[in-house]
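Ligands are counted one by one from 1 in listed order, and the atoms in each one are counted from 1 as well. Along the sequence shown, residues are numbered consecutively beginning with 1. Everything numeric in this text was worked out from a predicted model, so none of it was measured.
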Amino acid sequence: MEKFVVNGGKPLNGEVKISGAKNAAVAIIPAVILCDEPCQIENIPNISDVTLISKILQQMGAKVKRINKSTLYIDPTHIHSSSATSELVMGMRASYYLLGALLGKYGNARVALPGGCNFGVRPIDQHLKGFEALGAETRLVDGAIIEATCGEEGLVGTHIYLDVVSVGATMNIMLAASRAKGLTVIENAAKEPHIVDLANFLNSMGADVRGAGTDVIKIRGVSAMHGITYSIIPDQIEAGTYMCAAAATRGKITITNITPKHLESISAKFREMGVKITEYDEALIFDATVKPLKRVNIKTMPHPGFPTDCQPQFTALLVSVPGTSIVNENVWDNRYQYISELMRMGAHISVEGRLAIIEGGTPLTAAPVRATDLRAGAAMIVAALQVKGTTEISSIQYIERGYEDVVEKFRALGADIKKVYYSGDSEEELRA
Ligand code: EPU
C-alpha cells in the first residue's frame, strides 16, 4: 500500500504546469469509438483514470498506444464488441460514456454500471432518458449491466429536455446523437468547458454540434467521421487545487498551461479573499502574500458557477482563514465525507445538510488521514501543507485517479511531500 507523507508549514513558491483535463479526457477517449479512422489525442493527463479507460478500449479490440507521456494514439477500426462489462468498467464513473459512443456507432451497447468516486447516489436516469428519446430501448440486466439497443431505424434525432443539469448526460447524448439520423436538440444542457471541448473534438472529426457552452445544444447526425489530431483543454480543477494549496500556505506561484477564462469563478473567490491574481494568455501568477486572507462563502453550481470539484480543496483552505465561512454544496447530495478527516486534524467545521460551517483560523495539527475520494484526497494535501508537523495521507489511489505527478509538482513548488510504500510495520520511500 502507498501513502503520502507531508511535512507542511511552508509557503508554496515556484511554477506548476497544469495537465490536460481529466473530465475532458475520459469522454474524448471513448468518443474515438465513433470515428472510422485512428485519432491522436494530445495533452492527455497521465493519470490512472486514463489508463483504465484506455485498457477498456483495448479489451474491446481498439489499438491504444501512448506515443509519449501526454499523447495517445487510438485506432478504433478493430473494435469487435459493443459490450464492456469487465471489472475495469465498474471501476470508473466515466465508463458510462461507452454507452453513448457504442450506441451512436453500432446501435447497441452493453456496459457495466459505473463505479468511481462515491459521494451519494449518482443516478444516470437522464442519460437513459436521452437514449430512449433517440429511439433506443434500455434495460438493466442483473442489476449490474445496462443494455441499450435500437431497432433497424437506428437512432433518430429528437428534442430532449434534461430535468437536471448533468455534465455526463449532456456529453453522453451528444455522443449518441452525433451519428443519429437528423437533428437532436438538448435543452437545459450543462455548459462546462469540457462539454465545449467534446463538441470541438466531435466537430473536428466531421460531426455537426452547435451551441455547446450554452444551455441549448443542437446536434445534426452525420454518417461518417474521420481521424484527427486533437489537443484537449487544460484541467481547471487541477489548477484550482494548486491555487487552494498556494493560498492555504500563503504562497506565491505561477500556474502555466491553463485557460484563465475557465477559472473565472474560482479566481473571483480568491480575489474576494484578497489574493492578487495576474492573468496572461495561458498562465497566471497567484499571490496570496499581499494581505491577510478574508473569509468567504461559496456555493457550488453547474458551470459557470463555482465548481463542486474544487469544493473540498477550498474548504481545506478556509479552515486556515480566521472567521466563519459557509460552504453550500449544491450539486452533490453527500460530498462532505472528508470533513471528518479535517476534524481529526483539529478543524472546526459543522455540517448541516448541504451547508458546511467553518470556524477558521485555528492551526491544524498532524494526524493520520484518509483520502475518501479524489477531490477529498486533494483537500487532505491542502490541509497537510498547512501543518507544522508530519501528516500521513492513506488511500492515495483516489488522488492518483485524477492528478498527474502530484508529488513531483508539489515538490517543485517547495513542498515536503513524498510517497511511501508500507506493509505492516515496514515503510519504504517509493519516489522522490
Ligand atoms: N444527476 C441525476 N441524474 C442523472 C445524472 C445526474 O440526477 O442522470 C444529478 C447527480 O446526482 C448530481 C447532478 O445531477 O446531483 C450533477 O451530476 P452530473 O451528471 O453533472 O455529474 P457527472 O457527469 O456524473 C461529472 C464529473 C464529476 C463532477 C460532476 C459535476 C466526470 C467523469 N465526472 O460527473 O467530477 O463532480 O460532473 O460537475 O466528468 C471529479 O472530477 O472529482 C468528479 C466527481
Side-chain angles (χ1 to χ4, degrees), residues 19-31 45 47-50 52-53 56 89 91-100 113-133 138 140 146 160-175 186 188-198 215 232-233 235-241 262 265-266 300-314 328-338 354 371-379 398-404:
S19 303
K22 167 182 94 79
N23 289 344
V26 296
I28 284 176
I29 294 169
I47 53 174
S48 64
D49 264 10
V50 163
L52 253 184
I53 189 74
I56 293 168
V89 181
M92 74 180 298
R93 179 76 185 161
S95 53
Y96 54 41
Y97 291 127
L98 295 166
L99 276 169
L113 274 178
C117 280
N118 176 25
F119 30 83
V121 181
R122 295 187 69 173
I124 57 164
D125 57 298
Q126 298 301 305
H127 304 229
L128 302 183
K129 170 177 135 165
F131 300 147
E132 283 167 14
T138 68
L140 179 64
I146 303 278
I160 299 162
Y161 181 89
L162 294 179
D163 301 327
V164 288
V165 179
S166 160
V167 172
T170 303
M171 305 233 262
N172 231 342
I173 296 168
M174 281 163 66
L175 293 172
I186 310 174
N188 201 24
K191 299 186 278 230
E192 269 64 8
H194 30 292
I195 288 174
V196 179
D197 207 33
L198 176 63
D215 52 14
I232 69 167
I233 54 167
D235 197 312
Q236 105 238 39
I237 304 301
E238 188 194 9
T241 301
H262 295 167
S265 61
I266 302 174
T300 68
M301 310 263 275
H303 192 80
F306 189 93
T308 173
D309 293 343
C310 237
Q311 178 263 105
Q313 305 90 306
F314 213 89
N328 185 342
E329 173 53 57
N330 200 40
V331 176
W332 294 109
D333 286 341
N334 186 9
R335 205 172 192 174
Y336 285 139
Q337 285 105 323
Y338 69 91
R354 290 189 173 273
T372 52
D373 64 57
L374 165 61
R375 307 303 173 188
Y398 287 114
I399 303 174
E400 293 180 335
R401 282 189 42 214
Y403 289 90
E404 175 174 319

Enquirer: Output the list of atoms in ligand 1 that are nearer than 4.0 Å to some heavy atom of H127, sorted by atom number.
Expert: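 By the 4.0 Å cutoff, the relevant atoms are 8 (O).
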Enquirer: Taking D49 for the side chain and G402 for the main chain, is one N or O donor matched with an acceptor at less than 3.5 Å?
Expert: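 Here the side-chain-to-backbone pair does not exist.
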Enquirer: Run the numbers for me: atoms of ligand 1, each under 4.0 Å from some heavy atom of I124, listed by number.
Expert: 4 (C), 8 (O)
Enquirer: Is K22 salt-bridged to D235, cutoff N-O under 4.0 Å?
Expert: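 Looking at D235 together with K22, the answer is no, because their closest N to O distance does not fall below 4.0 Å.
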Enquirer: Should the proximity of A169 to ligand 1, defined as any heavy atom under 4.0 Å, be assigned to the side chain, the backbone, both, or neither?
Expert: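 Neither; no heavy atom under 4.0 Å.
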Enquirer: Judged by atom type as modelled, is there a donor-acceptor pair below 3.5 Å linking the side chain of N172 to the main-chain atoms of G100?
Expert: yes
Enquirer: Please work out, at 4.0 Å between heavy atoms, whether the side chain, the backbone, both, or neither of Y96 comes within that distance of ligand 1.
Expert: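 Answer for Y96: side chain.
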Enquirer: Look up atom OG1 in T308 and atom NE2 in H303, then write down how far apart they are to the nearest 0.5 Å.
Expert: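 Taking OG1 in T308 and NE2 in H303, the distance rounds to 14.5 Å.
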Enquirer: Tell me which part of R93 gets within contact of ligand 1: side chain, backbone, both or neither, using heavy atoms under 4.0 Å.
Expert: side chain
Enquirer: Please answer whether the main-chain N or O of T300 pairs with a side-chain N or O of E329 as donor and acceptor at a distance below 3.5 Å.
Expert: no
Enquirer: Would you check whether D125 has a nitrogen or oxygen atom less than 3.5 angstrom from a nitrogen or oxygen atom of ligand 1?
Expert: yes
Enquirer: Can you name the atoms of ligand 1, numbered from 1 with element, that are less than 4.0 Å from a heavy atom of L374?
Expert: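 In order of numbering, the contacting atoms are 42 (O).
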Enquirer: Without swapping roles, check the side chain of T170 against the backbone of A190 for a donor-acceptor pair under 3.5 Å.
Expert: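 Answer holds: yes.
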Enquirer: Is there any N or O on H194 that sits under 3.5 Å from an N or O of ligand 1?
Expert: no
Enquirer: Backbone, side chain, both or neither: what part of M171 comes under 4.0 angstrom of ligand 1, heavy atoms only?
Expert: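 It is neither; nothing of M171 touches ligand 1.
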Enquirer: Grab the two heavy atoms, one from A169 and one from S166, that are nearest each other, plus how far apart they are.
Expert: N-OG, 2.9 Å
Enquirer: Answer yes or no for R401: is there a heavy-atom contact with ligand 1 below 4.0 Å?
Expert: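 The answer is no: ligand 1 sits nowhere under 4.0 Å from a heavy atom of R401.
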Enquirer: Please work out, at 4.0 Å between heavy atoms, whether the side chain, the backbone, both, or neither of V167 comes within that distance of ligand 1.
Expert: both
Enquirer: Just by distance, do the side chain of D197 and the backbone of I233 share a donor-acceptor pair under 3.5 Å?
Expert: yes
Enquirer: State, to 0.1 Å, how close P45 and S19 come at their nearest heavy-atom pair, and which atoms those are.
Expert: CB-CB, 4.2 Å
Enquirer: Closer than 4.0 Å to some heavy atom of V331 - which atoms of ligand 1 meet that?
Expert: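 Near V331, meaning under 4.0 Å from one of its heavy atoms, ligand 1 has 12 (C), 13 (C), 15 (O), 16 (C).
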Enquirer: Report the part of E329 in contact with ligand 1, treating N, CA, C, O as backbone and CB onward as side chain, heavy atoms under 4.0 Å; options are side chain, backbone, both, neither.
Expert: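 Contact part for E329 vs ligand 1: neither.
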Enquirer: Find all atoms of ligand 1 within a distance of less than 4.0 Å from any non-hydrogen atom belonging to K22, and give their numbers and elements.
Expert: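 Close to K22: 40 (C), 41 (O).
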Enquirer: Check ligand 1 against G168 and write out every atom of the ligand that is under 4.0 Å from a heavy-atom position of the residue.
Expert: 19 (O), 23 (O)
Enquirer: Using atom types as modelled and distance alone, determine if a side-chain donor or acceptor of Y336 lies under 3.5 Å from a backbone N or O of R354.
Expert: yes
Enquirer: Is Q126 touching ligand 1 with its side chain, its backbone, both, or neither, if touching means heavy atoms under 4.0 Å apart?
Expert: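 Both the backbone and the side chain of Q126 come within reach of ligand 1.
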